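Presented below is the structure to which this report refers.
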Amino acid sequence: MQCGFCRIERATSFAFTSQIGDNGHPMRKAVRDAVMQALVPVAQKAGFSGELPYIAIEVPEEKFGDFSTNAAMVMTKPLKSNPRKIAEELTATLKGHPLFTAVGIAGPGFINMSVKPEAWLEECKKIPADNSDYGTLPPVPGEKVLVEFVSANPTGPLHIGHGRGAAVGDALARLLKKAGYNVTAEYYTNDTGLQMENLGRSTLIRYKQLFGMDDALLENSYQGLYIRDIAQEIKDAHGDKFLKQADAESLPFFTTYTADKILDDIKEDLKKFRVNFDNWASEKSFHESGAVEKTIEHLKQHGAIYEKDGALWLKTIELAGDEKDRVVKRANGITTYLAADIAYHDDKYERGFTRLIDIWGADHHGYVARMKAAAKALGKDPASLQPLLIQIVSLKKGGELVAMSTRSGKFTELKEVVDEVGVDACRFTFLTRGYDAQLEFDVDLAKSQSNENPVYYVQYAHARISNIFKTAAERGIDPFPADPNWALLNREDDLRVMKKALFFPAMVEDAANGLAPHATTHYLTELAGVWHKYYTGNRVISDDAALTAARLALAARVRTVLKNGLELLGVSAPEKM
RNA sequence: GCGCCCGUAGCUCAAAGGAUAGAGCGACUGACUUCGGAUCAGUAGGUUGGGGGUUCGAGUCCCUCCGGGCGCACCA
């Protein structure tokens, strides 16, 4: 498998591999094994010896059975036969397999299989009943993943667009960890450079204004009122000290102070949004440590750099088909942002990471080629660097689209929305969508619909089950019976719930492979739906002690999956609402 | 002008190239004196922006047109 991560490359790489683990779903793995085994003699008979194409084992619509495979259809070309014929040969073998109660051919050549209920019951027993860890896949050896996200410049508070990146990045990190990867979540701070100088100067101007001086903000100044608050802080602490010296002398202090203050606020917002970072990287530190210069030397040695017009250029056209080559060191001797970012990525590789996932705003898409070029120039496989472009969040307020700009001070803060809509609803909303589609976030709607957000549908299922246990305990019934009679749960209703719950680890595996954290919200909504339906049709606590015990055991397992799933999203799993 | 992303129910969004394109919200009709009605059952709603192509099969891949967004710095 060349690349289990890349959404772009997976189509080709997956198409010619059969190395899908099915780590997460013992039943799906068993079915895959059965299908592959059945395929061997058929392929041999046809004289086929090449690598098998990817064969899908899917969970189809319920009426078709528990699993279906397209094996017969994808094998038509390699075997030079027709799908119906291949399907018949395969089913002849599969029908004899002890796992299945039914095997059939349908449509253009799908093979549908139903698994015997006892096998499902056995699997379901293995889910922990106490809400503890479930669905964590075995460690993936040899992979060390770095997920870099948010990385907003400390020039202003986080806005709603950052919120989307934060939710996606955090959920992705959680998902990959769950899927067995060694994952580090990191935030890169652009705490130096021209924008930082602008920032410091903005504060200095505001500071002077506080003393009645008529300094006006510059065109490229940060206009937000938070700058004035910071200036006020400085005035409170230092009085007119900075009026008595040259601006150039004051500027470093104002810059550092402002950036630190804003970064502190960003950290607080992220914490509130339940976004966790394992590490904070600083652009400034790469300059101060000499890493940037070292990296440029490194690139020179690899022949990736040339000099023109007094500046140093990286050959990004040649390396990655970029539109033009890019400057890493200006004619005035100052290195560019790109140079520092390359040094940072060099550092990531140096630290032993084998996959670098960068979550960027879609407005950075022009940046992809030059970073891929950099990876290549550093002697790395460009495929190990995976920028994910989170599409823009356009903000709607009062029925109108609002343009967002940190510099102009026109934006809706993440904090503001989180306070009004709530962390759970906000995160869930962001994680219901794929990251590559633009998203219209209607603030008013989000607020007014806070009670109708799908997140509550899922949480309610968790709370309802929790309440059942409470009721059971009140009536002197053990909510978590040690050895219930599972055989009582063999009706369609029961099995439907079990099958959905047991799909959880497979969902983790599939979503991790596709870098698609939003699959989790959809899965959980389905599981909650199946449970709500079950709940309506079946009383868990009844006069039948044995049946009660069995249903309590099932309920506990559903709750465990809901809890684990919500945890992946960073959404709380309340016992009551 | 060039490049990237997107266009799916009235709205917000799903859908490894697979079967009759699915959920939620909104609309409409119903639900057991019971463990929580933030729930459940049902109805209506679609030429997947238009047109070509590739193949056993296309919302998905290719070409083209239309519409929207975002980029095209010795800023970050």
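Because the structure is predicted, anything quoted here is derived from the model rather than measured. Each chain gets a letter, A, B and so on, in the order its sequence line appears, and its residues count up from 1.
- When the side-chain nitrogen and oxygen atoms of A/Arg464 are compared with OP1 and OP2 of B/rG37, one or more of them lie within a distance under 4.0 Å.
- Checking A/Met577, A/Arg559, A/His532 one by one against A/Arg464, the side-chain contact (heavy atoms from CB on, under 4.5 Å) holds for a single residue, A/His532.
- Taking atom C1' on both nucleotides, B/rG49 is separated from B/rG59 by 12 Å, rounded to a whole Å.
- Among the heavy atoms of the strands, none lies under 4.0 Å from A/Thr521.
- Residue A/Ala56 is out of contact with every strand shown, counting any heavy-atom pair closer than 4.0 Å.
- Nearest heavy atoms, A/Pro53 versus A/Val74: CG-O, 4.0 Å.
- Listed candidates were B/rC74, B/rC40, B/rA23. Nearest to the side chain of A/Ala311 is B/rC74.
- Look at A/Tyr460 and you'll find a side-chain N or O under 4.0 angstrom from OP1 or OP2 of B/rA38.
- Of all non-hydrogen atoms in A/Thr525 and A/Tyr457, the two that sit nearest each other are O-CE2, 3.5 Å.
- Closest approach of A/Ala72 and A/Pro83 over heavy atoms only: CB-O, 3.5 Å.
- Using a 4.0 Å heavy-atom criterion, one finds that A/Asp309 contacts the bases of the nucleic acid, with or without backbone contacts as well.
- As judged by a 4.0 angstrom heavy-atom cut-off over every strand, A/Pro83 is placed among residues making no nucleic acid contact.
- The listed nucleotides are B/rC56, B/rA73, B/rG71; the one nearest the side chain of A/Arg326 is B/rA73.
- Separation of the P atoms belonging to B/rA38 and B/rG26 is 14 Å when rounded to the nearest angstrom.
- Within 3.5 Å, no donor on the side chain of A/Asn453 pairs with an acceptor on the base of B/rA38, nor the reverse.
- Between A/His518 and B/rA15 there is a side-chain N or O to OP1 or OP2 distance below 4.0 Å.
- Each of A/Lys77 and A/Phe110 lies near RNA chain B, and the nucleotide nearest A/Phe110 is the one positioned closer to the 5' end.
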Report each atom pair, protein N/O against N/O of nucleotides 5-9 of chain B, whose distance is under 3.5 angstrom.
| residue | atom | partner | partner atom | Å |
| --- | --- | --- | --- | --- |
| B/rC5 | O2' | A/Gln391 | NE2 | 2.9 |
| B/rC5 | O2' | A/Asp436 | O | 3.2 |

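- Under the 4.5 Å side-chain criterion, counting only non-hydrogen atoms from C-beta, A/Leu199 is in contact with A/Ile262.
- The distance from atom CG of A/Leu431 to atom C1' of B/rC13 is 13 Å, rounded to the nearest whole Å.
- Comparing B/rU64 with B/rC74, their C1' atoms are spaced 39 Å from each other, to the whole Å.
- Around CD of A/Glu492, the count of heavy atoms belonging to other residues, nucleotides or ligands within 6.0 Å does not exceed 12.
- Counting non-hydrogen atoms under 4.0 angstrom, A/Asn538 reaches a base of the nucleic acid.
- Comparing B/rG53 with B/rC13, their P atoms are spaced 33 Å from each other, to the whole Å.
- Residue order along RNA chain B, read from the 5' end via each residue's closest nucleotide, puts A/Glu58 first among A/Lys533 and A/Glu58.
- Between A/Glu58 and A/Arg28 there is no salt bridge, since no side-chain N of the basic residue sits under 4.0 Å from a carboxylate O of the acidic one.
- The side chain of A/Tyr457 sits closest to B/rC40 out of B/rC70, B/rG18, B/rC40.
- As judged by a 4.0 angstrom heavy-atom cut-off over every strand, A/His365 is placed among the base-contacting residues.
- Straight-line distance between the P atoms of B/rA15 and B/rU55: roughly 27 Å, to the nearest whole Å.
- Dense packing is recorded around CG of A/Asn332, with more than 12 heavy atoms of other residues, nucleotides or ligands lying under 6.0 Å away.
- Spacing of C1' atoms, B/rC32 relative to B/rC40, comes out at 11 Å, to the nearest Å.
- A pairwise comparison of heavy atoms in A/Val31 and A/Phe67 identifies CG2-CD1, 3.6 Å as the closest pair.
- A/Leu312 places its CG atom 20 Å from the P atom of B/rA73, with the value rounded to the nearest Å.
- Straight-line distance from the NZ atom of A/Lys324 to the P atom of B/rC2: 19 Å, rounded to whole Å.
- Aromatic ring centres of A/His25 and A/Phe504 lie farther apart than the 6.0 Å criterion allows.
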Dot-bracket notation for RNA chain B, counting Watson-Crick and G-U pairs under 3.5 Å, with | for partners on another strand: (((((((..((((....[...)))).(((((.......))))).....(((((..]....))))))))))))....
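- Taking atom CD1 on A/Ile390 and atom C1' on B/rG69, their separation rounds to 16 Å, with Å as the unit.
- Comparing B/rC40, B/rA76, B/rC35 against the side chain of A/Ile468 picks out B/rC35 as the nearest.
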